[in-house]
Amino acid sequence: MYWVVLVASGVLEAVWATALAASKGFRRPWPVVVFAVSMTASVVGLAWAMRGIPVGTAYAVWVGVGAVLTVLVAVLRREEELDVKRALVLTALVGCVVGLKVVS
């Protein structure tokens with residue numbers, strides 16, 4: 001269950017990062033609300049997952065999931081481009097996250 005919550009918290013990290021960008025410097029109220037709620041839930045989930053997963057592993061997985069999904073959302077929204085080099089690095093990052101789960 002700790003891993004499920006940890007991955008869900010990583011997904012919420014991508015939500016709050018995307019909402020933060022959409023808030024345009026905290027000037028748009030709905031993205032600010034989404035940012036605040038999702039960030040709180042993300043950090044609470046991370047903290048809970050750390051009860052059963054070592055801090056270094058939990059934090060690395062949380063950041064990795066959030067980072068990869070944030071980039072993918074930006075690509076889908078056409079805010080960033082995904083070239084072969086970036087795709088390879090993101091694939092390696094996903095591999096590292098999976099590797100941490102395998103060795104834990």
Side-chain angles (χ1 to χ4, degrees):
M1 190 63 170
Y2 293 116
W3 282 95
V4 172
V5 171
L6 180 60
V7 171
S9 296
V11 171
L12 287 172
E13 183 187 4
V15 171
W16 68 252
T18 302
L20 179 60
S23 77
K24 305 293 184 196
F26 293 106
R27 290 180 294 191
R28 298 178 62 215
W30 284 113
V32 171
V33 170
V34 171
F35 163 76
V37 171
S38 59
M39 184 176 194
T40 300
S42 179
V43 173
V44 167
L46 172 63
W48 187 85
M50 285 181 182
R51 292 174 24 187
I53 302 170
V55 64
T57 300
Y59 185 71
V61 169
W62 182 71
V63 169
V65 169
V68 169
L69 291 178
T70 301
V71 170
L72 293 178
V73 167
V75 168
L76 290 173
R77 295 177 72 183
R78 299 180 196 264
E79 296 167 349
E80 295 185 31
E81 291 186 23
L82 184 63
D83 59 15
V84 173
K85 292 176 193 174
R86 290 185 76 187
L88 288 173
V89 172
L90 290 171
T91 301
L93 186 52
V94 169
C96 290
V97 168
V98 170
L100 283 171
K101 169 60 175 137
V102 169
V103 300
S104 293

* Would you kindly confirm whether Leu12 and Leu20 end up in one hydrophobic cluster when ILVMFWY residues are joined by side chain heavy atoms under 4.5 Å apart? => no
* Hey, any chance Val94 and Val75 share a hydrophobic cluster, counting ILVMFWY side chains that come within less than 4.5 Å of each other, even indirectly? -> yes
* Option from Val63, Leu88, Val98, Val68 for which side chain to side chain contact (heavy atoms under 4.5 Å, CB included) with Leu93 holds -> Val68
* **Shortest non-hydrogen separation from Ala58 to Leu6 and the atoms involved** => O-CD1, 3.5 Å
* Asked: Mind checking what makes side chain to side chain donor-acceptor pair (under 3.5 Å) contact with Arg28, not counting sequence neighbours?
  -> none
* Asked: Quick one: does Leu82's side chain get under 4.5 Å of Leu90's, heavy atoms only?
  -> yes
Side-chain polar contacts of residues 36-53 - donor-acceptor pairs under 3.5 angstrom, sequence neighbours left out - could you list them?
{"residue": "Ser38", "atom": "OG", "partner": "Trp16", "partner atom": "N", "Å": "3.4"}
{"residue": "Ser38", "atom": "OG", "partner": "Val34", "partner atom": "O", "Å": "2.6"}
{"residue": "Ser38", "atom": "OG", "partner": "Phe35", "partner atom": "O", "Å": "3.4"}
{"residue": "Thr40", "atom": "OG1", "partner": "Ala36", "partner atom": "O", "Å": "2.8"}
{"residue": "Ser42", "atom": "OG", "partner": "Ser9", "partner atom": "O", "Å": "2.8"}
{"residue": "Ser42", "atom": "OG", "partner": "Trp62", "partner atom": "NE1", "Å": "2.9"}

* Under a single-linkage definition using a 4.5 Å side-chain heavy-atom cutoff for Ile, Leu, Val, Met, Phe, Trp and Tyr, are Val97 and Met1 assigned to the same hydrophobic cluster? -> yes
* **Working for side chain to side chain contact (heavy atoms under 4.5 Å, CB included), residues Val65 and Val61** => CA-CA 6 Å; Val65 169; Val61 169; 4.2 Å; yes
* Is Tyr59 atom OH crowded by more than 12 heavy atoms from other residues, nucleotides or ligands, each under 6.0 Å away? -> no
* Val7: which other cluster members, linking ILVMFWY side chains closer than 4.5 Å, directly or transitively? -> none
* Would a hydrophobic clustering, with Ile, Leu, Val, Met, Phe, Trp and Tyr connected at side-chain separations under 4.5 Å, put Val55 with Trp3? -> yes
* Structure fact -> Smallest heavy-atom separation, Gly66 atom then Ala14 atom, equals O-CB, 3.8 Å
* To do: Could you check Thr18 against Arg77 for side chain to side chain contact (heavy atoms under 4.5 Å, CB included), going step by step and ending with a plain yes or no?
  => CA-CA 10 Å; Thr18 302; Arg77 295 177 72 183; 3.1 Å; yes
* To do: Consider only side-chain heavy atoms of I, L, V, M, F, W and Y, link residues closer than 4.5 Å, and tell whether Val15 and Phe26 are in one cluster.
  => no
* Find out whether Ser23 and Trp30 are in side-chain contact, i.e. whether some heavy atom of one side chain is under 4.5 Å from a heavy atom of the other. => no
* Please determine if Glu81 and Arg86 form a salt bridge, counting it only when a charged side-chain N lies under 4.0 Å from a carboxylate O. => no
